[in-house]
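See below for the structure under consideration.
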Amino acid sequence: MFLVLHREGESEPTRWRYEPKKLMSVEREDIERRTGRHFAQFTQDVLQGNSLCRRALLFTYQRRDHPKTRFEDVEFAWDELTLEYSKQEYATMREGVLDSLHGDELAMALQQIDRDAADAYDDIESTGKAQLPIAG
């Protein structure tokens with residue numbers, strides 16, 4: 001999964017690979033302090049669209065690129081920041097529904113996954129099987 005910032009007027013978005021298990025311990029602790037959530041809850045809230053959690057995540061990645069970035073300076077229009085699954089993650093999802101759904105439900109799920117995967121970012125740097133972004 002990728003955290004994608006595409007500001008109005010910019011031709012290309014900035015894309016960070018979002019793998020919760022790969023965040024450093026100091027980053028995880030900072031996120032917990034800023035959001036008041038334990039990290040597993042934070043990862044759920046990011047996926048569910050919690051504004052503070054997404055801002056904290058964006059801050060984490062921006063600070064990697066620009067260490068003097070302050071949390072107070074991180075802001076974005078809601079439609080400028082998205083989470084996007086890669087083609088590889090959609091393939092993993094597809095395998096999952098093949099094992100768990102049947103009939104019309106399976107057909108509808110596969111149609112939606114295939115439609116979303118068609119426009120997804122191809123994560124050519126991915127190694128191994130894609131995992132969905134939930135921290136354990």
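Because the structure is a prediction, the values reported are computed rather than measured.
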Problem - Connected via hydrophobic side-chain network under 4.5 Å: Y121 and V46 - result: no

Exercise for the section: Please work out whether the ring planes of W16 and Y61 are parallel, tilted or perpendicular, with thresholds of 30° and 60°. Expected result: parallel

Handout entry: Where L23 and F39 come nearest, the two heavy atoms and their spacing
Key = CD1-CZ, 3.5 Å

Exercise for the section: State whether F42 and R37 meet the cation-pi test: NZ (Lys) or CZ (Arg) under 6.0 Å from the six-membered ring centroid, and within 45° of the perpendicular axis. Expected result: no

Handout entry: Heavy-atom side-chain contact between V97 and I113 under 4.5 Å
Key = yes

Practice task
Would you please name every residue forming a side-chain hydrogen bond (donor to acceptor under 3.5 Å, both in side chains) with D73, sequence neighbours left out?
Solution key: R70

Practice task
Determine, stepwise, if the pair Q112 / M108 fulfils side-chain contact (heavy atoms from CB on, under 4.5 Å).
Solution key: CA-CA 6 Å; Q112 183 64 50; M108 287 176 36; over 6 Å; no

Exercise for the section: Could you state whether L3 and L47 fall into the same hydrophobic cluster, counting links through intermediate Ile, Leu, Val, Met, Phe, Trp or Tyr residues with side-chain heavy atoms under 4.5 angstrom apart? Expected result: yes

Fill in the blank from the handout: Between A120 and S86, the two heavy atoms sitting closest are CB-C, 4.0 Å

Fill in the blank from the handout: Heavy-atom nearest pair, L58 first then V74, reads CD2-CG1, 3.7 Å

Problem - E105 (side chain) donor-acceptor with H102 (main chain) under 3.5 angstrom - result: no

Handout entry: Identified side-chain hydrogen bond (donor to acceptor under 3.5 Å, both in side chains) partner of D123 from the options R15, R17, K87, Q88
Key = R17

Problem - Presence of salt bridge, E27 and R64, under 4.0 angstrom - result: yes

Exercise for the section: Determine whether I31 and L83 fall in the same hydrophobic cluster, where Ile, Leu, Val, Met, Phe, Trp and Tyr are linked whenever their side-chain heavy atoms lie under 4.5 Å apart. Expected result: yes

Problem - H38 side chain to Q41 backbone, donor-acceptor under 3.5 Å - result: yes

Handout entry: Interatomic spacing from OG1 in T43 to CG in L57 - rounded to 0.5 Å
Key = 10.5 Å

Handout entry: Side chain to side chain, R33 and E29, heavy atoms closer than 4.5 Å
Key = yes

Exercise for the section: Tell me, yes or no, whether the heavy-atom count around E10 atom CD, taken from other residues, nucleotides or ligands under 6.0 Å, exceeds 12. Expected result: yes

Problem - Cluster overlap L101 with L110, hydrophobic side-chain contacts below 4.5 Å - result: yes

Problem - Note, M1 side chain near E89 side chain (heavy atom, < 4.5 Å) - result: yes

Practice task
Give a yes or no answer on whether the side chain of E80 reaches the backbone of E8 with a donor-acceptor pair at less than 3.5 Å.
Solution key: yes

Problem - Interatomic distance, R7 atom CZ to L81 atom CG [nearest 0.5 angstrom] - result: 8.5 Å

Exercise for the section: Indicate yes or no: at least one non-hydrogen side-chain atom of F2 is less than 4.5 angstrom from one of Y18. Expected result: no

Problem - Nearest heavy atoms of S51 and W78, plus distance in Å - result: OG-CZ3, 3.6 Å

Handout entry: Side-chain heavy atoms of T35 within contact of N50, under 4.5 Å
Key = no

Problem - Joint cluster assignment, L5 & F59, ILVMFWY side-chain distance < 4.5 Å - result: yes

Handout entry: side-chain contact (heavy atoms from CB on, under 4.5 Å) between D30 and R63, worked out
Key = CA-CA 12 Å; D30 184 64; R63 190 168 55 177; 3.3 Å; yes

Exercise for the section: May I ask you to establish whether R55 and F71 are in a cation-pi arrangement, using a distance under 6.0 Å from NZ or CZ to the six-membered ring centre and at most 45° from the ring axis? Expected result: yes

Exercise for the section: Return the minimal non-hydrogen interatomic distance between R94 and D114, and the atom names on each side. Expected result: NE-OD1, 2.8 Å

